[in-house]
> 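My questions all concern the structure below.
Note that the structure is a prediction, hence the values are computed from the model and not measured.
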Amino acid sequence: MSIKVWDVENKKLHHSFDSAHDNWVSAMDVSSDYKIISGSFHRGIRIWDMNNTRCLKTIEEAHTGAISAVTISPDNKLFASGSHDGTLKVWIFPEAILLDSQSAFDLAI
């Protein structure tokens with residue numbers, strides 16, 4: 001599945017990340033320094049550089065369930081991911097180093 005970034009003012013395609021994930025892209029966020037974080041139903045997370053349209057980091061098995069949420073902190077130092085497996089994880093951004101994992105939820109996040 002692909003990720004497309006549009007210039008909404010001019011109604012033009014700005015970037016296309018073809019084959020971004022092997023399954024549906026289910027969550028996405030953009031940092032203030034133009035990096036994209038995306039999560040998918042295939043349980044993986046990828047970090048992209050919007051300036052040169054390349055993948056900076058891939059976490060193949062970030063969770064054991066589909067990714068349902070990703071968000072980048074305002075200072076671009078951390079990101080969090082939530083999943084259908086009921087876990088919430090906090091990572092260093094953009095290196096994707098896991099800092100904490102909480103699995104206290106019985107339902108999808």
Side-chain angles (χ1 to χ4, degrees):
M1 303 297 151
S2 64
I3 296 172
K4 300 203 182 289
V5 180
W6 291 87
D7 177 339
V8 293
E9 187 174 299
N10 296 313
K11 300 178 184 173
K12 293 186 179 183
L13 182 63
H14 193 273
H15 292 297
S16 182
F17 299 87
D18 298 321
S19 302
H21 286 275
D22 296 332
N23 208 320
W24 297 103
V25 176
S26 52
M28 192 175 80
D29 197 7
V30 180
S31 69
S32 60
D33 61 346
Y34 302 104
K35 290 181 180 68
I36 295 173
I37 183 167
S38 59
S40 175
F41 273 33
H42 78 335
R43 304 180 308 271
I45 293 174
R46 293 195 176 149
I47 299 171
W48 306 89
D49 186 334
M50 209 172 0
N51 294 316
N52 61 22
T53 64
R54 69 182 184 95
C55 183
L56 300 174
K57 197 72 167 176
T58 299
I59 312 167
E60 291 294 339
E61 300 277 331
H63 288 268
T64 59
I67 307 298
S68 53
V70 292
T71 189
I72 301 166
S73 65
D75 63 3
N76 294 334
K77 292 184 179 181
L78 301 172
F79 75 91
S81 60
S83 171
H84 287 225
D85 64 11
T87 61
L88 175 67
K89 296 185 179 187
V90 178
W91 311 77
I92 296 174
F93 183 77
E95 294 85 358
I97 299 168
L98 183 63
L99 288 179
D100 193 20
S101 178
Q102 298 294 321
S103 55
F105 302 96
D106 293 332
L107 301 173
I109 294 176

> Does Glu9 have any salt bridge (Lys or Arg N to Asp or Glu O under 4.0 Å) partners at least two apart in sequence or in another chain, and if so, which?
none
> Heavy-atom distance under 4.5 Å between the side chains of Ile45 and Ser38, does that happen here?
no
> From Ser26 OG over to Ile67 CD1, what is the distance, rounded to the nearest 0.5 angstrom?
6.5 Å
> Side chain to side chain donor-acceptor pair (under 3.5 Å) with Asn10: which residues, sequence neighbours excluded?
Asp7
> Scan residues 64-76 for pairs that pass salt bridge (charged side-chain N to carboxylate O under 4.0 Å, His left out), counting only residues two or more places apart or in two chains.
none
> Sequence neighbours left out, what passes side chain to side chain donor-acceptor pair (under 3.5 Å) with Glu61? Give chain and number order.
Arg43
> Not counting sequence neighbours, which residues clear side chain to side chain donor-acceptor pair (under 3.5 Å) with Lys4? List them please.
Ser16
> Between His63 and Thr87, is any side-chain donor less than 3.5 angstrom from a side-chain acceptor?
yes
> Going by the rule side-chain contact (heavy atoms from CB on, under 4.5 Å), which residues pair with Thr71 if we only count those two or more places apart in sequence or in a different chain?
Asp29, Ala80
> By side chain to side chain donor-acceptor pair (under 3.5 Å), which residues pair with Lys57, not counting sequence neighbours?
none
> Determine all donor-acceptor pairs shorter than 3.5 Å in which one atom belongs to a side chain in residues 91-101; sequence neighbours excluded.
from: Trp91; atom 1: NE1; to: Ser81; atom 2: OG; distance (Å): 2.9
from: Asp100; atom 1: OD1; to: Gln102; atom 2: NE2; distance (Å): 3.2
from: Asp100; atom 1: OD2; to: Gln102; atom 2: NE2; distance (Å): 3.1

> In terms of hydrophobic clusters joined by side-chain contacts under 4.5 Å, are Trp6 and Ile37 together?
no
> Which residues pass the salt bridge (Lys or Arg N to Asp or Glu O under 4.0 Å) test with Asp33, sequence neighbours left out?
Lys35
